[in-house]
Structure formats: structure tokens, C-alpha cells
Amino acid sequence: MELNSNFHDRAGNLIGETYSLILQDPFFENKLRNFDPNLRLTFDQIQKKWVVLEAAPDGSGWNVILACEDEDGNPKAPGEWVLNRLYVYRQRYEAKREMGIDEWFKRLKSDLDAYVEKKEQQISDDHQAMLREDVVQWRKAAKELEGLPVSDATAGYRKVSYEKNDECNS
């Protein structure tokens with residue numbers, strides 16, 4: 001199935017106007033076709049990025065399944081990373097299909113809940129440590145105002161140190 005100017009992409013743009021078939025690396029294009037014959041690498045002239053198109057199952061056109069960009073949305077040259085990402089997408093799809101969509105969503109929700117709980121616990125632990133330190137500092141300030149000793153050893157408070165102590169870590 002070749003790119004036809006009568007087909008539209010998901011955004012409703014005509015393929016012939018939006019995309020031009022430019023082979024940056026014919027070997028990469030061959031690898032991509034070996035991975036899946038329904039995939040094509042093209043250059044999106046509007047977004048100024050390489051994109052991977054997949055032929056629609058009903059033959060109605062092409063869908064953009066991957067834009068070649070980094071985490072910040074900047075254009076990135078296609079390479080082996082594209083095949084790796086497509087492989088991960090395919091593995092996720094197969095796992096989702098095998099376990100059923102409901103079970104897959106339940107697993108995603110439980111993973112999210114575990115992550116949120118872990119982050120909340122970490123925030124809580126950090127907050128508790130900050131509160132303990134504040135209490136120690138307030139006690140020291142109160143002792144100082146009363147004219148009592150404020151050093152850790154004489155005031156009876158634990159020694160606060162920001163230096164790494166090898167004896168405590170062993």
C-alpha cells in the first residue's frame with residue numbers, strides 16, 4: 001500500500017499536502033518494513049518532524065503512530081530507538097489484549113495507587129523529619145531566651161550534624 005494523495009491523516013490533512021516521502025536512510029526504511037509491512041517513515045512538513053505512519057486496517061488511509069521527537073518535543077532523527085519504541089508499544093498491546101482490557105486497567109490502577117502511596121509516604125517521612133528538626137530548633141531558642149545552656153551536649157538534646165558519620169552507618 002503506497003501513500004496516496006487522496007488519503008487523509010487523523011488531523012484531516014491530505015497526505016499529499018502534508019507528508020512527503022523522504023527516505024533519510026533506506027536501510028532504516030527496510031528495517032521498519034521488516035518489522036511491520038504496514039508502517040511507513042515520512043517527513044511531516046507542517047510539524048517539521050519525521051513520523052511513522054500505519055496503514056488503517058480498513059484501507060481508508062494512514063494514522064500517525066509515532067512522531068520522532070525527544071521528551072521536550074524537539075525533532076529527533078529516526079534510528080534504532082524508533083524500532084525499540086514500536087516493539088514496546090506492540091508488547092504493551094499484546095499484554096493488554098491477552099489479559100483483557102478490564103484486567104489491564106485494574107493493573108494500571110493498582111500500579112498507580114502503589115506509586116502514589118509510595119510518594120505520599122516519602123513526602124510524609126520528609127515532613128516528619130522537618131517537623132522534628134523544627135521542634136529541636138524551637139527548644140534551643142526557648143532555652144537560649146531563658147538563659148539556659150543551648151549546646152546539644154549540655155541541653156540534653158541529640159547532636160544535630162550534617163556531616164557524614166561513618167560510625168553511625170556501620
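- Closest approach of Arg107 and Ser110 over heavy atoms only: O-OG, 2.9 Å.
- Salt-bridge check for Glu80 with Lys31: passed, with a basic side-chain N closer than 4.0 Å to an acidic carboxylate O.
- The side-chain hydrogen bond (donor to acceptor under 3.5 Å, both in side chains) test applied to Gln128 returns no partner, not counting sequence neighbours.
- Between Lys109 and Asp113 there is a salt bridge, since a side-chain N of the basic residue sits under 4.0 Å from a carboxylate O of the acidic one.
- Side chain of Asp58 to main chain of Ser60: a donor-acceptor pair is present (N/O by atom type, distance under 3.5 Å, no hydrogens or angles).
- Using a 4.5 Å heavy-atom cutoff, the side chains of Leu53 and Asn63 are not in contact.
- From Leu83, atom CG reaches atom CG of Leu32 across 6.0 Å, with rounding to the nearest 0.5 Å.
- With values rounded to the nearest 0.5 angstrom, Arg92 atom CZ is found 9.5 Å from Leu108 atom CG.
- With values rounded to the nearest 0.5 angstrom, His127 atom NE2 is found 14.5 Å from Gln122 atom CD.
- Rounding to the nearest 0.5 angstrom, the gap separating the CG atom in Leu86 from the CD atom in Glu54 is 9.0 Å.
- To the nearest 0.5 Å, atom CG of residue Asp126 and atom CE of residue Met130 are 9.0 Å apart.
- Look at Arg97 and Glu94 and you find a salt bridge, because one of the NZ, NE, NH1 or NH2 atoms lies within 4.0 Å of a carboxylate O, short of that distance.
- Under a 4.5 Å side-chain heavy-atom criterion applied to ILVMFWY residues, the cluster that includes Leu112 comprises Val116 as well.
- Contact detail for Cys68 and Lys49: the closest heavy-atom pair is O-CB, 4.2 Å.
- Within a 6.0 Å sphere centred on OH of Tyr89, other residues, nucleotides and ligands contribute more than 12 heavy atoms.
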message: Assess the residue pair Val52 and Val64 against the criterion (side-chain contact (heavy atoms from CB on, under 4.5 Å)); give the C-alpha distance rounded to whole Å, side-chain angles, the decisive distance to 0.1 Å, and a yes or no.
response: CA-CA 6 Å; Val52 176; Val64 176; over 6 Å; no
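- The cationic atom of Arg90 (NZ for Lys, CZ for Arg) lies less than 6.0 Å from the six-membered ring centre of Phe35 and within 45° of the ring axis.
- Closest non-hydrogen pair, Arg85 versus Leu66, comes out as CD-CD1, 3.7 Å.
- Without hydrogens or angle criteria, Asn74 side chain to Asp70 main chain gives no donor-acceptor distance under 3.5 Å.
- Heavy-atom minimum distance, Leu41 versus Trp50: CG-CE3, 3.6 Å.
- For the pair Asp44 (side chain) and Ile46 (backbone), a donor-acceptor distance under 3.5 Å is present.
- Ion pairing between Glu69 and Lys76 fails under the 4.0 Å rule for side-chain N and carboxylate O.
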message: Run the side-chain hydrogen bond (donor to acceptor under 3.5 Å, both in side chains) test on Gln121 and Glu117 for me, step by step, so that the C-alpha distance in whole Å, both residues' side-chain angles and the decisive distance to 0.1 Å come before the verdict.
response: CA-CA 6 Å; Gln121 182 63 40; Glu117 184 178 328; over 6 Å; no
